[in-house]
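No experiment lies behind these values; they were computed from the predicted model shown.
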Amino acid sequence: MTSKKPAGPKSKSGKKQAKSSQAAPVKQVRAKPGRQADSPENAPAIPKARTPEVPAVSPALDPADRERLLAGTHHDPHTVLGGHPVPGGVAFRVFRPYAEAVTVVFDDVRAELGDDGEGFFSGLLPLTEVPAYRLLVSYDGTEHETEDPYRFLPTLGELDLHLLGEGRHEELWQALGSRVLTQQGVTGTRFAVWAPNALGVRVAGGFDFWDATGFPMRSLGSTGVWELFVPGVGEGELYKYEITRPDGSRTLRADPMARRTEVPPATSSIVDVSRHEWGDAEWMAHRGDRPVHEAPFSVYEVHLPSWRPGLTYRQLAEQLPAYVGDLGFTHVELMPVAEHPFGGSWGYQVTGFYAPTARLGTPDDFKYLVDKLHQAGIGVLMDWVPAHFPRDEWALAEFDGRPLYEHGDPLRAAHPDWGTLEFDFGRREVRNFLVANAVYWCEEFHIDGLRVDAVASMLYLDYSREAGQWTPNEFGGRENLDAVAFLQEMNATVYRRCPGVVTIAEESTAWDGVTRPTHHKGPSGFGGLGFGLKWNMGWMHDSLAYMSHEPVHRKYHHHEMTFSMVYAYSENYVLPISHDEVVHGKRSLVSKMPGDWWQQRASLRAYLAFMWAHPGKQLLFMGQEFAQGAEWSEAHGPDWWLLDPAYGAESEHRGVRELVRDLNTAYRATPALWERDTDPAGFEWIVGDAAEDNVFAFLRRDAEGGPLLCVANLSPLARHDYRLGVPDDVPAWHETLNTDLARYGGGDIAGQGTVKPEPQPWHGRPASIRLTLPPLATVWLRPA
């Protein structure tokens, strides 16, 4: 930004006008100026009410302080600027670049300060204490009345500073960043930023015409925090921090704690004030009534900017809850909504960790969307990205001239896959920044769960690194002990502060204890990471690999569908069919299936019903619920035109969506499918080795033992009178779901209706039933 000389304030008509804070006549005096700090005898006499008892001193700034203020390297401008008692009275010192004159105003007194040059003004008044004064600043002959930022006490108290120093401020967003408040009876904005390596920090914004020279901040002790209260600055003001780095160079940075930003590609932070009044009190009061791993949990994953391109948060609030509610999903998962500079990153390279992206509206607009989802009975999960951040020069990278948020070791800092920087999880202030950020989204935006991205890349020092590119930990291992401690602290803090919130790990390895409590140590010697749920990447990979094979070959890959049950209860799992599986040449879900269009849709329907019955929670990415054939693109989103009645194949796509709706309806009404998701007693194989038939059959049981029977025939052949062993304590079974029904787009091969067991032992059970299994179909049966 280039400096711009202020033209002085204007009236609403656009004409310049002088201001006066006094309607009655005021006493005009000239403060005693100071040209030479060591020569007070050279100054002219000052009108005064009494004779000072001690010799007066020059109020002019010391040359060293002047130089530091001009250079932007003064660590405590409040000690030299403003009003200060000195021998002989009160010295007033003001730094206003481009000003022609400055007058101090209080009570019925106006005292013009002496012009010391380079924007500095000073004067000595014969007072016993500093009054509550204001300034009249003249630009081009026009006076502008304002408060002096340097007459105010710090806005952060001892407790804030202690917690900041300890890295334990769980409401960090209340202490740092910009915040509109009233200080000593005056309304303005408090700016506070952590920059411990800076030689000086100043605030630039619209209020100072982006010339930060006259607004230096003060350093608060050893915390590394810089603070300044600027009177008169309020909601909607744009700003950045001008940081003088250790080498003397300067950089203009967005606020890491900004709660609102400009719309990218613009990068300024914005002072924000929330006025949203929540209407989800009932949801918030009851969301933690049932532990999430014992509750129905089916998730619709959404990329908000492309779900219906062009819609704002408030417009989405009118459409998304209705759509998701109609399909019966219990939750939506929003791909990262935190501000990010490049839309093609889908939000996974964050620069504004405390700000919802401005592309779709304001923070209050995003709150409105969450509120409407809650009022519709839908929980809101959000992807959260604490692993890394981009290198943009206006954001976090070498924020104050040295590695700060990133690790000091370049090899540790550089993420090998994404060209980004990894957070330094061993630094307490960085952990505080991230832990508080997790709490912030849950408390300020009523988010019900955080899906934590790229956990595996955090846990391993050698993640995507070759030998020689990483250094073992203190025990010689590859585990990132700092990241482990951070994740444990984050989870423990969120669960303590935010009842009903769930944290979910996207963790792709066999790390021991991802969803184990942090205080329980496992075989590895580590306490659990403390997550509530974990994405089951192994199930996703194996099951999609199986389904991609031609049916004639599936018998050779039968284990890919059964292996997940070997480890199904090692963690609390989510079964994710996410955006990652339908982009970059991986094809959409239906396009992964072999065969012609009918077989592809049939296989997709059978797979979804198998997935909904498998132990674990469900997640499905947008567009897959109606069998979109094309890969997802953030540029245009789902192919909604496939559901247009004017489109010839509309019924075929709508049929898959009808199945998803029925799956969710039956799922929510069937405790056997979710009540014992994490309990091995909730699952029993009927037949898991029918590889030649491509058949899988198992029981799910609820807390009372009530069963649901799921049978999947993933061959293209109908199987009549297919015998399955069943318990002998169920007098009859009734088909509750069949993915081959005509209304789903299937062949409508007659189902079984109600089936009674026969006393013929089968599959090691005392009784058996005979079923008709449609081709490429899954059926569910419950006790009649």
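When the options Gln618, Gln624, Glu625 are evaluated for a side-chain hydrogen bond (donor to acceptor under 3.5 Å, both in side chains) with Tyr300, the one that passes is Glu625. For the salt bridge (Lys or Arg N to Asp or Glu O under 4.0 Å) test with Glu675, the passing option among Arg290, Arg700, Arg668 is Arg290; the others fail.
Considering CG of Leu529 and CD of Glu507, their distance stands at 7.5 Å, rounded to 0.5 Å. The OG atom of Ser548 lies 8.0 Å from the CZ atom of Arg554; values are rounded to the nearest 0.5 Å. The CZ atom of Arg451 sits 12.5 Å away from atom CG of Leu533, with the distance rounded to the nearest 0.5 Å.
With a 6.0 Å radius and a threshold of 12 heavy atoms from other residues, nucleotides or ligands, Gln319 has its CD atom above the threshold.
Sequence neighbours left out, not one pair with a member in residues 302-313 passes salt bridge (charged side-chain N to carboxylate O under 4.0 Å, His left out). For residues 707-718, the set of pairs meeting the salt bridge (charged side-chain N to carboxylate O under 4.0 Å, His left out) definition, not counting sequence neighbours, is empty. For residues 772-781, the set of pairs meeting the salt bridge (charged side-chain N to carboxylate O under 4.0 Å, His left out) definition, not counting sequence neighbours, is empty.
For Phe342, the ring pair (Phe, Tyr, Trp, His ring centres under 6.0 Å) test picks out no residue, with sequence neighbours left out. For Trp780, there are no side-chain hydrogen bond (donor to acceptor under 3.5 Å, both in side chains) partners two or more places apart in sequence or in a different chain. His340 is linked by a side-chain hydrogen bond (donor to acceptor under 3.5 Å, both in side chains) to Arg359, counting only residues two or more places apart in sequence or in another chain. With sequence neighbours excluded, the residues satisfying ring pair (Phe, Tyr, Trp, His ring centres under 6.0 Å) with Phe626 are Trp640. Annotation: ring pair (Phe, Tyr, Trp, His ring centres under 6.0 Å) contacts of Trp632 (sequence neighbours excluded): His303, Trp346, Phe621. By the ring pair (Phe, Tyr, Trp, His ring centres under 6.0 Å) test, Phe698 pairs with Phe610, Phe683, Trp685, sequence neighbours left out. Under the side-chain hydrogen bond (donor to acceptor under 3.5 Å, both in side chains) criterion, Asp596 pairs with no residue, sequence neighbours left out. By the side-chain hydrogen bond (donor to acceptor under 3.5 Å, both in side chains) test, Tyr368 pairs with Glu318, sequence neighbours left out. Among residues two or more places apart in sequence or in another chain, the side-chain contact (heavy atoms from CB on, under 4.5 Å) test is passed with Ala438 by Trp384, Leu450, Met490, Val494.
Checked against the 6.0 Å centroid threshold, Trp674 and Phe297 do not count as a close aromatic pair. Trp535 and His541 have their aromatic ring centers separated by at least 6.0 angstrom. Close placement of the Tyr348 and His579 rings is indicated, their centers lying within 6.0 Å of each other.
Annotation: side chain of Met540 is not in contact with side chain of Leu575 (no heavy-atom distance under 4.5 Å).
There is a side-chain donor-acceptor pair under 3.5 Å between Tyr744 and Asp662.
Taking the six-membered ring for Trp and thresholds of 30 and 60 degrees, Trp641 and Tyr647 have ring planes more than 60 degrees apart, a perpendicular arrangement.
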